[in-house]
J.: 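Encoded as C-alpha cells, here's the structure I'll be asking about.
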Amino acid sequence: MRIVVLSINYWPEETGIGPVTTWRCEYLASRGHDVTVCTTFPYYPQWRVDEDYRNAFWRQEKRNGVTILRSWAWIPRKVDSVKRILFETSFLASNLVRALSAQKPDILLVVSPPLGLALTARLLSRCWRIPFVYDVMDLQPDAAAELGMLRPGTFLRALYRLERFAYRQADLISTLTEGMRQRIIGKAISPNKVTLFPAPADHELLLLPSGTRGETFRSDHGLEGKFIVVHSGNMGIKQGLGVVLGAAALSRHRTDIVYLLVGDGVARRELKLRAAAMGVENVRFMPLLPRDQFLQLLAAADLSLITQQRSVADIVFPSKTVTLMAAGCPILASVNPGSEVARIVQQSGAGLVIAPEDPSQLVQATADLARDRSRLDEMSECGRRYAHEHWNESLTLPKMEAELLRVGGDLLSRTAADLLETQNG
C-alpha cells in the first residue's frame, strides 16, 4: 500500500511527536509499504532549525525506507499564540504544495497538531479520491482553552469548528490513550470511528538490564553519591516546570539530592533565569542528549518526573511516560489526578501521583522515596512490566498497520467493485 503521511514533526527530532511518527513510518516501510512523509525542517523543541537544514526551501531525503519531503516554514524564536498561528499557517501552505508533488497514495495519514492539517487532508483526499486517517496527538483547541493560551471568543470558536470538521471528514480518527479517545467521542463522534494508536515502547529500553545505577553518567557529570531526580524532554508551558524550581528551593539544604532538567523548549531560558535568581544550586540544566547518553541518563536516574499544569487532563499524553516506564524509571507524577498519566502511573504501580504545581508535596515525596530503595525497585519493575504488556511494539505497530489496511482496503474494494460493475454494465 502507498501511504502519504503529513506531519509537522519528524526525524531527527528527539522528543515529542517526531520520534513516534518516525517510528511508525519506518515500521510501515519495513513491512513493504511505500511510505512518503511530508514535513518541515527539524526545529523542535528548541524552536530553531537544525544547522544542517538552514537556508533551504525544499529537501528530499531517504531514511530507513521512508521518503522524506521537507518544505520551509517560518520558525519564531519566541513563541506566543500569534506567532504560533503564523508558523502553522506557513507550514500548511508549503506542506500542501509539497504533498501535491508526491505520487498519489492509497491512503493519507495526517498527524495533528497542527489542527489545520485537516483542511489539507480534506483537499488532498478529494483530489486523490482516497480516505484519510486523522491521528490526534494533542487536543489542540482544548489545550489552548484550558491552559489559557487563548481567551474565549471568535478565534477559539473557529478552532472548535475546525476540529469538528476534521473529525467528521476523516474516515478514521486515532489517538494515544483511552482518555483522549473518550474526549473525542464526547464531541458527538461515533465510538466506532475512533481507535487507539498507542505510542510504542522502544524494544531496546525493555531489554535494558535492571538495577544499573548509570555509573558512567554519574562519574562523567560529578554526580557520584547523589539522589538524581530527572525531568527530560520538552520544557514548555504545559509542563509547569516552575514546580521543580520551587521544590529545589525548599530542599536546598539536601546536598544529596540534585534535580536535572534535561532538554529544550520555549520555557528553558526563563527557567534558567529564575533558577539563577533564586540561587538554587541543586538544579542543573542539560541539553537534549544523544541516544547513547540519554540511555545512560535513564540508567542513572533514581527518580523521573512527569510534571503538568493542573489544568492539563486528557488533552495530551506525554510519550515520555512510555519511555520512562519501558526503561524501568520510577516516576513521580506532579499532574492532575484525573489525567491519563495519573491513571496509568497508579494502575501500573510505576510511581506516585502528587498534586500538580505543589513544590512542598514534590519535596516530601522525593525525600520519602530517597529513603526507600526497595520501593523504587518495585516501581521500576512494575513500570517495565506494564510497558511490555501494553505498549510493546510487537503489539501496537501491527494494530496500527491493520487499521490502515482496513481503511485503505475499503476504498480499494469499492474501487474494484465499481470497475466490475462498469464492465458488466
Side-chain angles (χ1 to χ4, degrees), residues 7 9-11 13-28 44-45 111 135-139 174-181 195-208 210 230-234 236 238-239 262-263 288-289 291 294-295 297-299 301 303-308 312-336 339-353 379-401 403:
S7 177
N9 301 106
Y10 198 72
W11 168 87
E13 294 177 352
E14 298 175 342
T15 188
I17 293 172
V20 175
T21 302
T22 303
W23 203 341
R24 290 172 173 173
C25 291
E26 292 183 354
Y27 168 79
L28 291 168
Y44 188 83
V111 182
D135 187 39
V136 181
M137 295 276 197
D138 190 334
L139 293 161
S174 59
T175 193
L176 291 169
T177 69
E178 183 59 31
M180 295 175 74
R181 178 175 177 270
T195 190
L196 292 179
F197 285 178
D202 189 333
H203 190 62
E204 185 177 353
L205 292 179
L206 291 170
L207 295 177
L208 282 177
S210 300
V230 175
H231 181 280
S232 60
N234 182 40
K238 289 191 287 284
Q239 284 70 37
V262 183
L288 286 171
L289 300 174
R291 181 170 175 80
F294 179 64
L295 295 179
L297 169 71
L298 294 180
L303 188 62
S304 293
L305 297 177
I306 301 176
T307 63
Q308 293 178 338
V312 176
D314 293 322
I315 57 178
V316 64
F317 180 76
S319 58
K320 72 176 178 182
T321 308
V322 178
T323 299
L324 295 176
M325 290 173 62
C329 294
I331 294 172
L332 181 57
S334 172
V335 299
N336 186 313
S339 67
E340 192 75 356
V341 173
R343 184 189 70 79
I344 287 174
V345 169
Q346 291 174 323
Q347 179 181 322
S348 65
L352 293 180
V353 176
M379 290 175 176
S380 173
E381 291 305 314
C382 287
R384 182 168 284 179
R385 186 182 310 118
Y386 188 96
H388 179 79
E389 293 174 355
H390 293 82
W391 298 317
N392 194 313
E393 63 182 49
S394 64
L395 301 174
T396 59
L397 294 176
K399 178 183 182 298
M400 173 198 67
E401 181 188 17
E403 291 279 13

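None of the values given here were measured: they were computed from a predicted structure.
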J.: If every non-hydrogen atom of Asn336 is compared with every non-hydrogen atom of Ser339, which pair is closest and at what distance?
T.: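 Here Asn336 and Ser339 meet closest at O-OG, 2.8 Å.
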J.: Do the side chains of Ser7 and Asp135 get nearer than 4.5 Å, heavy atoms only?
T.: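 They are not in contact (no side-chain heavy atoms under 4.5 Å apart), so the answer is no.
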J.: Roughly how far, to the nearest 0.5 Å, is CE of Met379 from SG of Cys329?
T.: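 Reported to 0.5 Å precision, the distance equals 12.5 Å.
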J.: Check whether any side-chain heavy atom of Val262 lies under 4.5 Å from a side-chain heavy atom of Phe294, and answer yes or no.
T.: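 Not in contact.
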J.: Output yes when a side-chain donor or acceptor of Lys399 lies under 3.5 Å from a complementary backbone atom of Pro198, and no otherwise.
T.: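 No, the answer is negative, given that no donor and acceptor are paired below the 3.5 Å cut-off.
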J.: Would you say Ser380's side chain and Gly328's backbone share a donor-acceptor pair under 3.5 angstrom?
T.: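 Checked: pair present.
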J.: Residues two or more places apart in sequence or in another chain: which of them pass side chain to side chain contact (heavy atoms under 4.5 Å, CB included) with Pro19?
T.: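 Once residues adjacent in sequence are excluded, Pro19 has no partner under the side chain to side chain contact (heavy atoms under 4.5 Å, CB included) criterion.
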J.: Apply side-chain contact (heavy atoms from CB on, under 4.5 Å) to Met137 and Thr21, showing your working.
T.: CA-CA 10 Å; Met137 295 276 197; Thr21 302; 4.1 Å; yes
J.: Side chains of Glu178 and Leu196: does their closest heavy-atom pair fall under 4.5 Å?
T.: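 Heavy-atom side-chain distance check passes, below 4.5 Å.
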J.: Under the rule for ring-ring contact (aromatic ring centres under 6.0 Å, His included), what residues qualify as partners of Trp391, not counting sequence neighbours?
T.: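 In terms of ring-ring contact (aromatic ring centres under 6.0 Å, His included), with neighbours along the sequence ignored, Trp391 is linked to Tyr386.
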J.: At what distance, to the nearest 0.5 angstrom, does CD of Glu393 lie from OH of Tyr27?
T.: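 Going from the CD atom of Glu393 to the OH atom of Tyr27 covers 9.0 Å.
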J.: At their closest point, which heavy atom of Leu397 faces which heavy atom of Pro200, and how far apart are they?
T.: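 The pair with the smallest heavy-atom distance is CD2-CG, 4.0 Å.
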J.: Please identify each residue that fulfils salt bridge (Lys or Arg N to Asp or Glu O under 4.0 Å) with Glu14, with sequence neighbours left out.
T.: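 By the salt bridge (Lys or Arg N to Asp or Glu O under 4.0 Å) rule, Glu14 matches no residue at all.
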J.: Give a yes or no answer on whether the side chain of Thr22 reaches the backbone of Trp11 with a donor-acceptor pair at less than 3.5 Å.
T.: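 Here the side-chain-to-backbone pair exists.
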J.: Measure the shortest side-chain to side-chain distance between Leu295 and Leu205 over non-hydrogen atoms and say whether it is less than 4.5 angstrom.
T.: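 Yes, at least one pair of side-chain atoms sits under 4.5 Å.
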J.: Donor-acceptor pair, distance only, cut-off 3.5 Å: does the side chain of Gln239 make one with the backbone of Gly236?
T.: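 Yes, Gln239 side chain to Gly236 backbone: donor-acceptor pair under 3.5 Å.
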J.: Only counting residues at least two apart or in another chain, list the ones meeting side-chain hydrogen bond (donor to acceptor under 3.5 Å, both in side chains) with Gln347.
T.: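 Partners of Gln347 by the side-chain hydrogen bond (donor to acceptor under 3.5 Å, both in side chains) criterion, ordered by chain and then number, come out as Arg343.
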J.: Taking all non-hydrogen atoms of both residues, which atom of Asn234 and which atom of Pro45 are closest, and how far apart?
T.: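 Asn234 and Pro45 have their closest heavy atoms at OD1-CB, 3.5 Å.
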J.: Measuring from Thr15:OG1 to Asn9:CG, what's the distance to the nearest 0.5 Å?
T.: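 These two atoms lie 10.0 Å from each other.
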J.: For residues Gly16 and Tyr44, report the shortest heavy-atom separation together with the two atoms involved.
T.: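 Looking at all heavy atoms of both residues, the closest pair is CA-CE2, 4.2 Å.
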J.: Of the non-hydrogen atoms in Val20 and Ala199, which two are nearest, and what is the gap between them?
T.: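 So the minimum-distance heavy-atom pair works out to CG2-CB, 4.3 Å.
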J.: Treating Thr175 as the side-chain partner and Val136 as the backbone partner, does any N or O pair qualify as donor plus acceptor under 3.5 Å?
T.: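 Side chain of Thr175 to backbone of Val136, a donor-acceptor pair under 3.5 Å: yes, one is there.
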J.: For residues 316-325, which side-chain N or O atoms pair as donor and acceptor with protein atoms under 3.5 Å away, sequence neighbours left out?
T.:
unit_1: Lys320; atom_1: NZ; unit_2: His231; atom_2: NE2; d: 2.8
unit_1: Lys320; atom_1: NZ; unit_2: Ser232; atom_2: O; d: 3.1
unit_1: Thr321; atom_1: OG1; unit_2: Pro318; atom_2: O; d: 2.9

J.: The criterion is side chain to side chain contact (heavy atoms under 4.5 Å, CB included); which residues satisfy it with Glu389, sequence neighbours excluded?
T.: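 Testing Glu389 for side chain to side chain contact (heavy atoms under 4.5 Å, CB included), a comparison that skips the adjacent residues, returns Arg385.
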J.: Measure the CG-CG distance between Leu303 and Leu332 for me, rounded to the nearest 0.5 Å.
T.: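 So the gap between those two atoms works out to 5.0 Å.
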J.: Nearest 0.5 Å please: distance from the OG1 atom of Thr195 over to the CZ atom of Arg181.
T.: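 Here the rounded value is 7.0 Å.
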J.: Is a donor on one side and an acceptor on the other found under 3.5 Å between the side chain of Arg384 and the backbone of Ala327?
T.: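 Judged by distance alone, yes, a pair lies under 3.5 Å.
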J.: Please report the closest heavy-atom contact between Val345 and Ala333, naming both atoms and the distance.
T.: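 Heavy atoms only, the tightest pair is CG2-CB, 4.4 Å.
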J.: How about Arg291 and Asp202: do any of their side-chain heavy atoms sit closer than 4.5 Å?
T.: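 They are in contact (side-chain heavy atoms under 4.5 Å apart), so the answer is yes.
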